[in-house]
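Everything below concerns the one structure shown next.
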Amino acid sequence: MRRALLVAVAVAGAAAILAGCTQVVAGHAVSIYDDPFTVAGLPATGGPSGPRPGAPHSTLSVRGADGSDADTLATSAIDDLAAFWSTEYPAVFAGEFRPVTDLMSWDPTVERSSRFCGDGTYGVVNAGYCTRDGSIGWDRAVLLPMLMETFGPMAVVMVIAHEYGHAVQHDSGLAGADSPTLVLEQQADCFAGAYMRHVAAGRSNHFTLNTSDGLNSVMAAMVAVRDTDPNDPEGVHGTAFERVTAFQIGFTDGARACSRIDEAEVDARRAQLPQQFTRPGETGEMPVTEEAIGVIVDSLQSEFALPQPPKVVYTGADTGCPDATSTEPVSYCPATRTIGVSMPELIDRGTPYDVDPAGGGADELSVDVRGDFGAYVLVASRFTLAVQQQVGDSLTEPKTALRAACLSGVWTSATAAGGSPTLSPGDLDEAVSGLLTDGVMASDVDGNTVPSGFARVDAFRAGVLGGRDACTNRYG
C-alpha cells in the first residue's frame with residue numbers, strides 16, 4: 001500500500017462483476033450465501049481430512065516410485081482423479097476421456113537423476129504435467145513431504161489435481177498453442193477446485209475433506225506456492241488472490257465454469273488491480289504509524305461517507321467498551337463509536353518478515369504473508385462495523401463477520417483507483433493470508449468469525465470484484 005504522491009498515476013479501479021449462484025427451492029430463489037455456515041452450498045463440517053480410512057491404495061504403476069507415503073498419496077490421488085474425470089469430462093467436453101497412465105516419481109536430491117519430460121530431475125523440487133508425452137510426475141522427497149508436513153495430505157492431492165487439470169486441458173483441446181500461461185494455470189486451479197468440491201461432498205473413494213480447517217489448509221497451500229515477486233517475468237501461477245479466486249470458481253460452479261476461463265475473463269477479473277511495480281526497488285510498503293492509520297480512516301470515510309465517523313484511539317484495542325468484546329489488535333466499540341488500536345501488535349502484523357527488526361522470518365512454505373496492508377485492512381474491517389451500525393445491521397451474528405470482509409473488499413477496490421492510499425501489488429495476498437489464518441478481518445464486533453476460511457475469502461473477493469451491491473445481495 002502506498003501513500004499517493006501528487007504526481008502519482010491513478011490505477012483504474014476494479015469493475016468486474018461477480019455473479020451470485022442460486023438454486024431453486026419451492027418456487028423461490030435461495031442464495032447459497034443465505035446461510036453463513038455453509039460453504040458454497042455445502043454444510044460447514046469438521047472431522048477428518050485426508051485418505052479415507054480403509055480405502056485401498058492405488059495399484060497404478062509409477063516409474064521411480066519407492067513406496068514412500070508421498071508416492072502412495074500421489075498415486076491414490078491420480079486414481080481418484082481419473083474416477084472423477086471419467087464422469088465429469090463427458091459432461092463438459094466432447095470426445096472420450098483418456099486417463100493419465102504414464103506416471104513418474106523422483107528424488108531431487110540424487111545427483112545421478114532420472115529424466116522427466118526430457119530434463120534431469122536433480123534439483124527439480126516440483127510436480128508437473130508433460131505436454132510432450134502426457135505424463136505426470138512429482139518430487140517425492142522434498143516438495144510432497146514438505147506440503148504434507150505443513151498443510152496436511154490434502155495439499156498434495158490439490159497439487160496433483162492441478163497437474164491433472166493440465167492433462168484435461170490438453171486432451172480436450174482447451175489449451176491452444178497461443179494460450180497465455182496464466183490462463184492455463186488459472187484453469188488448472190479451477191479444475192482442482194471442482195475436484196475438491198467432489199471430495200468435500202463425500203463422493204471420493206480415496207479421500208475425505210472437511211469444509212472448515214481441511215479446506216482452509218488446501219487453500220493455504222495455494223497461497224504458499226503463489227507468485228511472490230510481481231515483477232518476475234517467470235511468475236506464471238498467479239498471486240494468492242488470483243489462485244484462490246480460480247479455485248473458488250471451480251469449487252462453487254464446477255468444471256464447466258473452469259472451461260470458460262479465458263484471457264478476457266482473467267483480464268476482466270484483474271480489471272486494473274495493480275500487477276507490477278513501476279519503479280525499481282519499490283516495495284509498496286507504508287510503515288504502520290498513527291499518521292498512516294489516520295490516512296486509512298480518511299480513505300474509509302471518503303468511501304462510506306458516514307454521518308458520524310468513528311474516532312480512533314491508539315492506547316490499545318481494549319477501550320473498556322460496555323457493549324462489545326475487544327479484538328486484538330484492532331477493535332470497534334458501538335456504544336462510543338470508537339476504534340481502538342494496539343499499536344505494537346498492529347505494527348507487528350504489518351511488518352514483512354524480510355524486514356522484521358527482530359530478525360524473524362517466515363517458513364519456506366507459509367500462509368502467513370505479512371505487510372502493511374495486512375494491518376490496514378484490519379482497521380478497515382472494524383470501520384465497516386460502524387458502517388453496518390449506521391444502517392441498523394446486527395453487529396453480533398455470522399453475517400456481520402462476512403459483511404465486514406466484503407465491505408473491506410469494497411474499500412480495497414476503491415484504493416486501486418488512486419488517491420491516498422493506493423493499493424500495491426501483493427496487498428491482496430496479505431488480506432487473503434489473514435482471512436485464512438486468524439479471520440479477525442472477517443469477524444463480528446466480539447471477534448467471532450465463521451469457521452470456513454473459504455467463506456471468509458469469498459466474502460472479501462466479492463467486495464473487491466463485485467462492489468457494495470455484491471455485499472448487499474449476498475449478506476443483506
Side-chain angles (χ1 to χ4, degrees), residues 1 36-37 216 287-301 303-304 306 308-351 368 370-409 411-412 430-453 455-457 459-460 463 475:
M1 177 144 275
F37 288 105
N216 292 1
V288 179
T289 64
E290 292 183 16
E291 179 186 6
I293 293 171
V295 173
I296 297 298
V297 172
D298 288 345
S299 171
L300 286 157
Q301 175 60 13
E303 175 63 23
F304 294 110
L306 293 179
Q308 185 182 346
K311 61 183 178 182
V312 183
V313 298
Y314 300 96
T315 53
D318 187 353
T319 61
C321 185
D323 60 348
T325 303
S326 65
T327 57
E328 290 288 352
V330 188
S331 67
Y332 177 68
C333 179
T336 60
R337 294 182 183 267
T338 301
I339 294 173
V341 181
S342 296
M343 284 302 295
E345 290 79 4
L346 192 65
I347 290 170
D348 179 66
R349 190 68 172 256
T351 302
D368 191 3
R370 298 210 172 186
D372 63 339
F373 192 74
Y376 295 133
V377 77
L378 290 182
V379 176
S381 76
R382 301 306 87 184
F383 189 101
T384 67
L385 294 174
V387 175
Q388 296 185 57
Q389 181 183 17
Q390 178 64 39
V391 298
D393 289 333
S394 169
L395 300 185
T396 56
E397 64 179 22
K399 282 194 175 183
T400 306
L402 296 178
R403 280 193 298 263
C406 193
L407 291 171
S408 296
W411 167 75
T412 298
E430 295 164 22
V432 170
S433 171
L435 288 163
L436 288 174
T437 49
D438 60 26
V440 174
M441 178 184 146
S443 65
D444 70 9
V445 75
D446 294 321
N448 298 315
T449 188
V450 296
S452 167
R456 300 192 295 257
V457 172
F460 175 71
Y475 309 115

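We're numbering straight along the sequence, starting at 1.
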Under the 3.5 angstrom rule, does the side chain of [X] hit a backbone N or O of [Y] as a donor-acceptor pair?
| X | Y | value |
| --- | --- | --- |
| Glu430 | Phe373 | yes |
| Thr449 | Ala442 | yes |
| Glu345 | Pro329 | no |

Looking at [X] and [Y], what are the two nearest heavy atoms and their distance?
| X | Y | result |
| --- | --- | --- |
| Arg370 | Thr351 | CB-O, 3.5 Å |
| Ala324 | Val445 | CB-CG2, 3.6 Å |
| Cys333 | Asp323 | SG-OD1, 3.8 Å |
| Arg456 | Leu436 | NH2-O, 3.9 Å |
| Met441 | Leu378 | N-CD2, 3.7 Å |
| Ala404 | Thr384 | CA-OG1, 3.3 Å |

Set of salt bridge (charged side-chain N to carboxylate O under 4.0 Å, His left out) partners for [X], sequence neighbours left out:
| X | value |
| --- | --- |
| Asp446 | none |
| Glu397 | Arg403 |
| Arg382 | none |

Go through the steps for Thr400 and Leu385 under the test side chain to side chain contact (heavy atoms under 4.5 Å, CB included), then give the verdict.
CA-CA 8 Å; Thr400 306; Leu385 294 174; 3.7 Å; yes
Taking C-beta and beyond as the side chain, do Phe383 and Leu407 meet within less than 4.5 Å on heavy atoms?
no
Show, in sequence, the C-alpha distance, side-chain angles and deciding distance for Tyr475 and Asp393, and conclude whether the side chain to side chain contact (heavy atoms under 4.5 Å, CB included) test is met.
CA-CA 10 Å; Tyr475 309 115; Asp393 289 333; over 6 Å; no
For residues 311-321, tabulate all N or O donor-acceptor pairs below 3.5 Å that involve a side-chain atom, not counting sequence neighbours.
from   : atom 1 : to     : atom 2 : distance (Å)
Tyr314 : OH     : Glu290 : O      : 3.4
Asp318 : OD1    : Gly320 : N      : 3.0

Which residues satisfy the side-chain contact (heavy atoms from CB on, under 4.5 Å) test with Pro344, sequence neighbours excluded?
none
List the steps and the verdict of side chain to side chain contact (heavy atoms under 4.5 Å, CB included) for Glu328 and Arg349.
CA-CA 11 Å; Glu328 290 288 352; Arg349 190 68 172 256; over 6 Å; no
Please evaluate residues Phe304 and Gln390 with respect to the criterion side chain to side chain contact (heavy atoms under 4.5 Å, CB included), reporting the C-alpha separation (whole Å), side-chain torsions for both, the decisive distance (0.1 Å), and the verdict.
CA-CA 10 Å; Phe304 294 110; Gln390 178 64 39; over 6 Å; no
What's the separation between atom OG in Ser342 and atom CG in Asp348, rounded to the nearest 0.5 Å?
12.0 Å
Show me the donor-acceptor pairs, under 3.5 Å and distance only, between side chains in residues 292-301 and residues at least two apart or in other chains.
from   : atom 1 : to     : atom 2 : distance (Å)
Ser299 : OG     : Trp411 : NE1    : 2.9
Gln301 : OE1    : Leu306 : N      : 3.2
Gln301 : NE2    : Leu306 : O      : 2.8

